[in-house]
Amino acid sequence: MEQKFLFLLIQLICTRHVVGLLFPRESESRDMKDLSGRWKFRVDDSTDRNQSFREQWWEKPLHASGHVIDMPVPASYNDITQDSKIRDFVGWAWYETTFFAPASWKSSLAWLQVGSAHYNSIVWLNSIRVGDHSGGHLPFEFNVTNKLNYGATNRLTIAVNNTLTPTTLPPGTVNHYSKDQGYPDGYFTQKYDFDFFNYAGIHRPVKLYTTPHLRVSDIFTYTQTITQDPSVAAVNVFQVNITDAKDVASGAKSNAGYNITVVIKDAEGVTVANGTGQTGYLYVYFPKLWWPVGMSSEVGYLYTLEVYASAPSNGNAPAQIDVYRMPIGLRTIEVDETQLKINGKPFYFLGVGKHEDWDVRGKGFDWSMVVKDFNLLAWLGANSFRTSHYPYSEEIMQMCDERGIVVIDECPAVGMRSADNFVNETLLHHQQVVGEMVSRDRNHPSVVMWSVANEPLSSLPQAAGYFKTVLDYARSLDPSRPVTFVCNAHYDKDVATPYVDVVSINKYEGWYDDPGQLDVVEGRLKFYIDKWHQTRSKPIIHMEWGAGAIAGFHDNPSVMFTEDYLVDLMNRHFAVFDELRNDTDPFLIGEMIWNFADFNTAQGTNRVQGNKKGLFTRNRAPKWPAYVIRERYKELQKQNGTTRNRNSRREKHWERNYDVFQVQDAFEVLEL
Ligand code: BDP
């Protein structure tokens, strides 16, 4: 037993470390200020998009540079005004706000965290540049202790640039057009090969918070084992990092000689386990496990992990203790060659693909819309979703933990459809983004799998080495979860799925394939899924399927784009899913319809005011297909983990032996 846990600890210590950002929270040792609200805003629409830098707009209040308008934060700026130039703007957009920093903060460290801003950001505080960040869907933060005016007003300026290039994630291209051909001077367009509008701006809350100089800087915890007898224990491994500003300044090694105490409390606040040290494991006896909806009468049970960190007492100086509290769930995830199991029981995904997409606010975080969507997910009977095609706000992950909604967490590698995207520069950035996503979300019990990309050109020979590197990198950061990417390449052509733990396929039978041919849907779909299984022998999720259905369009017999057609198509898919689920040796582990709701896309000849594959309209009114899904999901939810046939194949433990596969054109493995 002891040897086993020693192994677990070694595994954790060997886990590659990335600096995570803890969600800003108040405690006895931490204050917080949310800077959400009405900011000042101006776009730099100069022909070369560089006037703002020539004129240094951050040096003075933004209105000194010219006309400014009101802009809500958080929100995408695109749909806020009546001006199509702002909706379609590409380049630097400037935001500014002012706030008061209390004098009492002077003895602490002060941090500025931006929940997310799309895509490149530069941040100035009182005209001083505090830092930059690349990438649109993850938080970033800066230490602003020495830049704040304490007991006074401060001016915060953030410039955000939404330009996408072949090496950003997602990628895009900028095309310039000639004046000789009748285009305006300097005219250019932004193109991208993904199917959602490239909303831009400050999308999630901007927060200021304080910590003591010695602070808890990162936490990683997960349940490694639940002992056979559930009355005995769940074993939770933890790793805490602390950072002492003193050590950072002097270059000394941190974490030496500090006191770290880790406590787990149940939902009533009763301590159920505690330990000390930077790394260790905690036994929780008679654990209440975290279960998703449909698998238990008590869903989403959360404990609180409390971490206390302090320096050794030093003469008369009072000990400064940092306290950080975080909800955690006790549960395990395993994958074998046919199933994904939660707490040892097979889980079947009854899910949806989603977007962070709402009218007016675009991708801006909005509690009304978030809570509404969770209520709709419950109404549908869905037990899961994928964060297609980028990490969602951490507040959404927290709600999934509480409501028992299982998440496949996806990074923004979508639209990698050209060889130009498979280069070392992208690979490095891809690792960076996976690192940010995993370190932000790895403590959420709802997250059961990482998806490192959606529909990349995985038939390219170089995709094998590329994805092996990215998938292995994700594993090196988090030994507790399986990894995948979502594949739309043909089973005969794809070269990257040998390296995933679960094969995730997108296939639009009866829509992009055999459009309008409902009668062939069942045969073709079954053939395709079986072929995938024969090719890879791994669990399979049907990650995207569906059809466009414009709300209120009907016909009989049904035709494409009517609600009726989607319902007919669904019933044919259900027949195949049920056949596979009831197989003597089932390997289909989920069905995720595309999409939860209609969403905005770039304008084009194949989209009518956006993508209409939603079960709900963009305003969240149900279409007929929503009722049909609800009937199925509610019924199947009752069976999850209880009635599926799972007895014939010898159950194997999750092992990763990838050496049998040949890696062609392997990339050099790049260290961050
Ligand atoms: C899939 C993409 C998804 C699209 C969907 C569609 O993964 O982003 O929105 O097709 O065309 O291929 O509706």
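Just so it is clear, the model here is predicted, and its values are computed rather than measured. Just follow the structure's listing: the first ligand is 1, and inside any ligand the first atom is 1.
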For ligand 1, is N488 a contact, meaning one of its heavy atoms is under 4.0 Å away?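 Flag not set, N488 not near ligand 1.
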Using a 4.0 Å heavy-atom cut-off, which part of [X] comes near ligand 1: side chain, backbone, both, or neither?
{"X": "F194", "result": "neither"}
{"X": "Y508", "result": "side chain"}
{"X": "F599", "result": "side chain"}
{"X": "N595", "result": "neither"}
{"X": "N611", "result": "side chain"}
{"X": "N506", "result": "side chain"}

Electrostatic pair [X]-[Y], nearest N-O below 4.0 angstrom:
{"X": "D83", "Y": "R87", "value": "no"}
{"X": "R386", "Y": "E410", "value": "yes"}
{"X": "R361", "Y": "D366", "value": "yes"}
{"X": "R632", "Y": "D578", "value": "yes"}

Please write down residue, atom name and distance for the protein heavy atom closest to [atom].
{"atom": "atom 8 (O) of ligand 1", "value": "H389 NE2, 2.6 Å"}
{"atom": "atom 11 (O) of ligand 1", "value": "Y512 OH, 2.4 Å"}
{"atom": "atom 4 (C) of ligand 1", "value": "D195 OD2, 3.2 Å"}
{"atom": "atom 13 (O) of ligand 1", "value": "K613 NZ, 2.5 Å"}

Going by the closest heavy atom to atom 7 (O) of ligand 1, which one wins out of H355, E544, R607, K507?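 Of the listed residues, E544 has the closest heavy atom.
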Roughly how far, to the nearest 0.5 Å, is the CE atom of M449 from the CD1 atom of I541?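 So the gap between those two atoms works out to 4.0 Å.
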Exceeds 12 heavy-atom contacts within 6.0 angstrom, atom CD of E395: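 Counting neighbours around CD of E395, more than 12 heavy atoms of other residues, nucleotides or ligands fall under 6.0 Å, so yes.
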Atoms of ligand 1 less than 4.0 Å from E455 heavy atoms?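 Contacts of ligand 1 toward E455, numbered from 1: 1 (C), 2 (C), 7 (O), 12 (O).
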Distance to the ring centre below 6.0 angstrom and angle to the axis at most 45 degrees; does that hold for K363 and Y199? no
Closer than 3.5 angstrom, by distance alone: can the side chain of N556 be matched with the main-chain N or O of S558 as a donor-acceptor pair?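 It does not hold such a pair.
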Judged by atom type as modelled, is there a donor-acceptor pair below 3.5 Å linking the side chain of D501 to the main-chain atoms of V483? yes
